[in-house]
Amino acid sequence: DAGVIQSPRHEVTEMGQEVTLRCKPISGHNSLFWYRQTMMRGLELLIYFNNNVPIDDSGMPEDRFSAKMPNASFSTLKIQPSEPRDSAVYFCASRFYSGTEARPQHFGDGTRLSIL
Amino acid sequence: DQQVKQNSPSLSVQEGRISILNCDYTNSMFDYFLWYKKYPAEGPTFLISISSIKDKNEDGRFTVFLNKSAKHLSLHIVPSQPGDSAVYFCAASVIIQGAQKLVFGQGTRLTINP
C-alpha cells in the first residue's frame with residue numbers, strides 16, 4: 001500500500017518566492033495534518049483537516065502560510081512570500097478517524113525546505 | 001508551554017540490553033499516547049500506542065508503560081538491536097472537533113552500540 005506521498009522532497013529557493021508543498025494522503029484516510037520540524041521548536045502542528053475541512057489552523061505561524069485541501073486525495077501548503085526563517089522540514093500526515101477508535105497518524109517522508 | 005517533554009536528548013545502550021525512553025506530560029485531557037521512531041531523511045514511523053485507560057501495552061520487543069498519576073510514560077525495548085538506533089518521539093493525543101491533535105516531545109536519540 002502506498003503511504004503518504006509528499007513532493008517535492010527538497011526545495012531550495014530565494015526569499016520572497018512563493019513555495020508550494022504538496023501532499024497525497026493514504027487512500028481512505030479522512031484526516032490530514034501538516035507539521036513543521038525545526039531544531040528550535042521540534043515537531044509542531046501547523047493545521048489539520050477533517051473530511052477536507054480545516055479544523056484548526058492555530059499553528060500556522062503567519063498569514064504568509066496557507067493550506068488547502070480541495071479533495072480527499074490532495075492538499076497543499078503554500079508560503080508566500082517565503083523568508084529564510086521558514087527553512088525547515090515540513091511533514092504531512094494522515095489517518096482514518098471513525099469517532100470510536102484511536103488510530104495513529106501516518107507520516108510522509110517530508111519536504112526539506114531551504115530559503116536563501 | 002511544553003505539554004509533552006522528553007528530558008533526555010540522547011541515550012546510548014549496549015546491544016542486547018534494555019533501552020528505556022521516558023516521556024512526561026502535563027495535560028490530563030490527553031487520552032491516547034504514541035511512540036514514533038524516526039530515521040534520518042524519513043518521516044516518523046508509528047511504533048506503539050497506549051490508551052489512557054490502560055497502563056501497559058506490549059508488541060514484541062516493545063512495551064509502553066503509562067503512569068497516569070505521575071503523568072509519565074516510558075518505552076522499553078528489549079533486547080535492543082543496532083537497527084533500533086533512531087530518534088524516538090513521544091506524542092500525546094486529544095480529540096478536537098472529531099480530529100486527533102498530536103503534541104510531540106522533542107525526541108530522544110537512541111544509539112545501540114554493538
Side-chain angles (χ1 to χ4, degrees), chain A residues 2-10 21 23-26 29-59 69 89-112, chain B residues 1-10 23 25 27 29-54 57 59 62 64 66 73 75 86-109:
Chain A
V4 175
I5 299 172
Q6 291 186 246
S7 64
R9 289 297 311 275
H10 303 274
L21 311 182
C23 176
K24 178 177 168 54
I26 293 172
H29 283 190
N30 56 4
S31 295
L32 183 139
F33 307 80
W34 282 101
Y35 290 87
R36 178 171 69 174
Q37 184 182 30
T38 59
M39 288 294 291
M40 289 296 293
R41 299 174 67 87
L43 197 60
E44 53 180 344
L45 178 66
L46 300 177
I47 185 172
Y48 65 82
F49 296 83
N50 200 36
N51 294 318
N52 310 341
V53 176
I55 300 299
D56 183 356
D57 64 354
S58 60
M69 191 163 187
V89 181
Y90 291 81
F91 289 103
C92 176
S94 71
R95 78 183 286 249
F96 175 75
Y97 180 63
S98 64
T100 56
E101 183 182 345
R103 296 186 185 184
Q105 296 176 17
H106 297 269
F107 284 76
D109 284 337
T111 295
R112 182 172 294 275
Chain B
D1 174 23
Q2 187 124 18
Q3 297 186 67
V4 178
K5 288 185 182 179
Q6 293 177 255
N7 291 316
S8 298
S10 63
C23 178
Y25 62 96
N27 190 342
M29 295 299 292
F30 290 139
D31 59 357
Y32 179 56
F33 301 88
L34 309 90
W35 283 95
Y36 282 82
K37 176 179 177 180
K38 186 181 181 305
Y39 293 119
E42 295 183 10
T45 302
F46 169 70
L47 196 55
I48 192 168
S49 63
I50 187 166
S51 165
S52 60
I53 61 173
K54 296 186 176 181
N57 187 27
D59 183 2
F62 303 91
V64 56
L66 176 63
L73 69 156
L75 174 68
V87 177
Y88 289 78
F89 291 96
C90 160
S93 164
V94 61
I95 301 296
I96 298 176
Q97 295 187 47
Q100 178 195 53
K101 188 168 182 175
L102 285 183
V103 180
F104 283 83
Q106 293 288 87
T108 297
R109 181 177 300 279

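These figures come from a predicted structure and were not determined experimentally. Just so we're on the same page: letters track the sequence lines, and every chain starts at 1.
- Shortest non-hydrogen contact noted between Q105(A) and F46(B) is O-CB, 4.5 Å.
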Under 3.5 Å, side-chain donor or acceptor atoms of residues 37-44 of chain A against the rest of the protein: list the pairs with distances, not counting sequence neighbours.
residue: T38(A); atom: OG1; partner: R41(A); partner atom: N; Å: 3.1
residue: R41(A); atom: NE; partner: E44(A); partner atom: OE1; Å: 2.9
residue: R41(A); atom: NE; partner: E44(A); partner atom: OE2; Å: 3.3
residue: R41(A); atom: NH2; partner: E44(A); partner atom: OE1; Å: 3.3
residue: E44(A); atom: OE2; partner: R36(A); partner atom: NE; Å: 3.2
residue: E44(A); atom: OE2; partner: R36(A); partner atom: NH2; Å: 3.2

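- When all heavy atoms of F91(A) and P44(B) are compared, the pair lying nearest together is CE2-CD, 3.9 Å.
- For L34(B), the part lying under 4.5 angstrom from a heavy atom of chain A is the side chain only.
- For F49(A), the ring-ring contact (aromatic ring centres under 6.0 Å, His included) criterion is met by no residue, not counting sequence neighbours.
- Although no hydrogens or angles enter the test, the distance criterion places a donor-acceptor pair under 3.5 Å between the side chain of R9(A) and the main chain of A41(B).
- For the atom pair CG of D56(A) and NZ of K101(B), the computed distance is 4.0 Å after rounding to the nearest 0.5 Å.
- Smallest separation of non-hydrogen atoms from D109(A) and E42(B): OD1-CA, 3.7 Å.
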Q: Any chance you could lay out the side chain to side chain contact (heavy atoms under 4.5 Å, CB included) test for Y35(A) and L102(B), step after step, and finish with the verdict?
A: CA-CA 10 Å; Y35(A) 290 87; L102(B) 285 183; 3.5 Å; yes
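- Proximity to chain A is limited to the side chain of Q106(B), based on heavy atoms less than 4.5 angstrom apart.
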